Amino acid sequence: MHYKDELAEVLARETGMEKNIFSDLLEIPPQADMGDLALPCFRLAKELKKAPNQIAVELKGKIAGKLTWLRRAEVVGGYLNIYVEPAQYAETILQKSFAQGATPGFGTEGLEKTVLVEYSSPNIAKPFHVGHAFSTLVGEAIANLYEYRGYCVKRLNHLGDYGTQFGKLIAAWRHWGSEEALADDPITELNRVYVKFYRELEDKPELEDEGRLYFKRLEEKAPEEYELWKLFRDLSLKAFDKIYNRLNIKFDSMLGESFYSDKIPAVVDRLREKGLLVESEGAQVVNLDDYGLNPCLILKSDGATIYASRDIAAVYYRDETWDFYRNIYVVGAPQKNHFQQVFAVLKEADFPKADQCIHVAFGTVRFADGIFSTRQGNVILLNDLLAESVAKTKAIIQNNNPEMPEAEVEKIAESVGVGAVRYTFLRNGRERDIVFSWDDMLDFEGDSAPYLQYTYARCSSIMRLAAANGVWPLDPTKINHEHLAGEEEQSIIKLMDAFEDSVLEALDTHEPSIMLRNISQLARAFNRFYNSRSILHAEDKEVMKARLILTESTRTYLKAGLKIAGIDALERM
RNA sequence: GGGCGUAUAGCUCAGCAGGAUAGAGCAACAGCCUUCUAAGCUGUGGGUCGCAGGUUCGAAUCCUGCUACGCUCGCCA
């Protein structure tokens, strides 16, 4: 609400008080009939030693005639409610949005700043399940948000390709692996032997040592183990590529943990020089008492590296490579403590950008009766979920549009099915856990991606018809905005007005759901408008023009918001 | 035990730098397709905002205590 600043200005001038007092106090009322802006006068009452109601009345008198856009002001209780001139409001917002073309609410404050977003980061040789979807989809949306404000974004996939687990995998493979099965479906086969390893472990604890031995050999780059690991890694990357293609996600870097392994000695030296390394129970740790944290383990008692040291090495490497403005980790909430430690160690080591490293945590995907576990083979593959979602979509489309050609059905079903899944991971606060339920995942009504896509397609359909009838395109500056003064139209305008702030807040808090909520409300407002007004069959041509402009603008906002979320906007469905 | 987080309608969630009768969606029920896409729209019912105190003109929102659940607390990542 851009009028807020001007109103605060006038209030300050007329009362001789600080402008900030008013801009802090001014708020958007909970209901449209209470006005467009409101000033609660309760706090002023104390300072001015007058009743809130009386203050509101006096202020109302002082602003009278001072603002061109002010339609009326009303005192209700201790509130001064401000109503803006709706036609003028519509004109301002629509002109602004048309001036910004396809990217309303974009910004350039990020130019010249590089933001690294680490996300997805699956473990090689393991199935890509719906748990990974959280990081992948939230991370992509956050990357898109930064790009929308002009930042140069580097998408980093920090592959889990290192650690004792790969020693175990090699052991498992040597015991039970099948070449044919590996060639046929590598991830499934590798996962099969890995799961078997943990089952066998119960009776044969010696397997544990075997796994450790192979990892040690791997670290020493023993040719046989190394080649095997390399094979597993390559096969996994190929499999991951398929899913990333399907999600339309492209990474700028696929450097995994293994890449940083040989960069750790330099980190250890650095920490030692700073006098931070302490021996404890045979291991090398950094004491973090000053931060209220437990010591951070840098080197294990056998001298081997650990994930914390690898993460620290990665920060130095990334800064040398990209000179980052921000370094963001989209990693699950259970690793909060880990990142607090890593960032604290960086601070202790006087790394100047420690505060520019941010852990963006998200919740856990689990079943109602327990957690996903790769080891127990108790997972739902993202691909299976997508397939299910696409299949359901396809059935709906065929039911609704029996005439639609098969190829188009396929294409739309893919976009809608994938979009629906995407949306379920983005619609809520990211730190909430998601209890997996097929019904919720495949609910295409109400607050869902298909609802947004449907609304977009509906707008598109109207614009197509308008073009066919020769009434579109038309000059957006040459419409009568008085026709957009109604409640249905104004609620749409207000949401468009709020879109940019929702993007900024989403970026600020790394919470894509905030932006999505805005376009979800916009879609709802448009559908109400659509159901209560005739657009192409409006009472006269001027009314129709105004409504077409509103429709086209809605279409633009929906598309922009969906694109940030990574969801396709479809011309028909 | 220490730390972090969560608790709002039957279900899934918004709201939380204090403010006006606590909002959506789903589910339930009742309606709306001879007019631009019914994956839509309208209406109805449904809430001691976990519990107990406190601060305040005013608390879902801030503070304290408690309860429940989840995560985490060096040699996995």
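Per chain, numbering begins at 1; letters A, B, ... match sequence-line order. Since this is a predicted model, take the numbers as computed values, not measurements.
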Please report, rounded to the nearest Å, how far the [atom2] atom of [N] is from the [atom1] atom of [X].
{"X": "A/Glu403", "N": "B/U37", "atom1": "CD", "atom2": "C1'", "answer": "15 Å"}
{"X": "A/Tyr162", "N": "B/C76", "atom1": "OH", "atom2": "C1'", "answer": "15 Å"}
{"X": "A/Glu27", "N": "B/C16", "atom1": "CD", "atom2": "C1'", "answer": "14 Å"}
{"X": "A/Leu452", "N": "B/G25", "atom1": "CG", "atom2": "P", "answer": "13 Å"}

A/Asn428 (side chain) and B/A14 (base): donor-acceptor pair under 3.5 Å: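 No pair found.
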Check: A/Ser301 side chain, B/C75 base, donor-acceptor under 3.5 Å: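 Looking at the base of B/C75, it does pair with a donor or acceptor on the side chain of A/Ser301 (distance under 3.5 Å).
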How about [X] and [Y]: are their ring centroids closer than 6.0 Å?
{"X": "A/Phe166", "Y": "A/Phe215", "answer": "no"}
{"X": "A/His158", "Y": "A/Tyr260", "answer": "yes"}
{"X": "A/Tyr454", "Y": "A/Tyr451", "answer": "no"}

Just checking [X]: base, sugar-phosphate only, or nothing, at a heavy-atom cut-off of under 4.0 Å?
{"X": "A/Pro52", "answer": "nothing"}
{"X": "A/Glu571", "answer": "base"}
{"X": "A/Val435", "answer": "nothing"}
{"X": "A/Gly292", "answer": "nothing"}
{"X": "A/Arg572", "answer": "base"}
{"X": "A/Ser280", "answer": "base"}
{"X": "A/Arg547", "answer": "nothing"}
{"X": "A/Pro334", "answer": "sugar-phosphate"}
{"X": "A/Ile306", "answer": "sugar-phosphate"}
{"X": "A/Gln521", "answer": "nothing"}
{"X": "A/Ala304", "answer": "nothing"}
{"X": "A/Ile298", "answer": "nothing"}
{"X": "A/Asp433", "answer": "sugar-phosphate"}
{"X": "A/Gly160", "answer": "nothing"}

Distance, C1' atom - from B/C63 to B/G10, rounded to whole angstrom: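 Per the computed distance, 33 Å lies between those C1' atoms.
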Whole-angstrom distance between B/G53 and B/G15, as gauged at atom C1':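 Rounded to whole Å, the distance is 25 Å.
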Backbone N/O of A/Asp568 and side chain of A/Gln453: donor-acceptor pair under 3.5 Å: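 Checking the backbone N and O of A/Asp568 against the side chain of A/Gln453, a donor-acceptor pair under 3.5 Å is found.
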Side-chain donor or acceptor of A/Arg464 paired with backbone N/O of A/Glu571 under 3.5 Å: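 Yes, A/Arg464 side chain to A/Glu571 backbone: donor-acceptor pair under 3.5 Å.
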With [X] as the cation and [Y] as the aromatic partner, state whether NZ or CZ is under 6.0 Å from the six-membered ring centre and within 45° of the axis.
{"X": "A/Lys347", "Y": "A/Tyr291", "answer": "no"}
{"X": "A/Arg458", "Y": "A/Tyr530", "answer": "yes"}
{"X": "A/Arg72", "Y": "A/Tyr83", "answer": "yes"}
{"X": "A/Lys263", "Y": "A/Phe259", "answer": "yes"}

Dot-bracket encoding of pairs in RNA chain B, which uses [ ] for pseudoknotted crossings and | for another strand, Watson-Crick or G-U under 3.5 angstrom: (((((((..((((.....[...)))).(((((.......))))).....(((((..]....))))))))))))....
Pairwise 5' ranking along RNA chain B for A/Ile412 and A/Gly429, keeping only the more 5' one: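 Nearest-nucleotide comparison on RNA chain B picks A/Gly429.
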5' priority, RNA chain B, between A/Arg517 and A/Ala38 [closest heavy atom]: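 On the 5' side of the pair lies A/Arg517.
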Just the atom pairs and distances: protein N or O near nucleotides 30-33 of chain B's N or O, under 3.5 Å.
none

Interface residues of residues 436-446 of chain A with RNA chain B (non-hydrogen, below 4.0 angstrom):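 Of all residues in residues 436-446 of chain A, the ones placing a heavy atom under 4.0 Å from RNA chain B are A/Asp443, A/Phe444, A/Glu445, A/Gly446.
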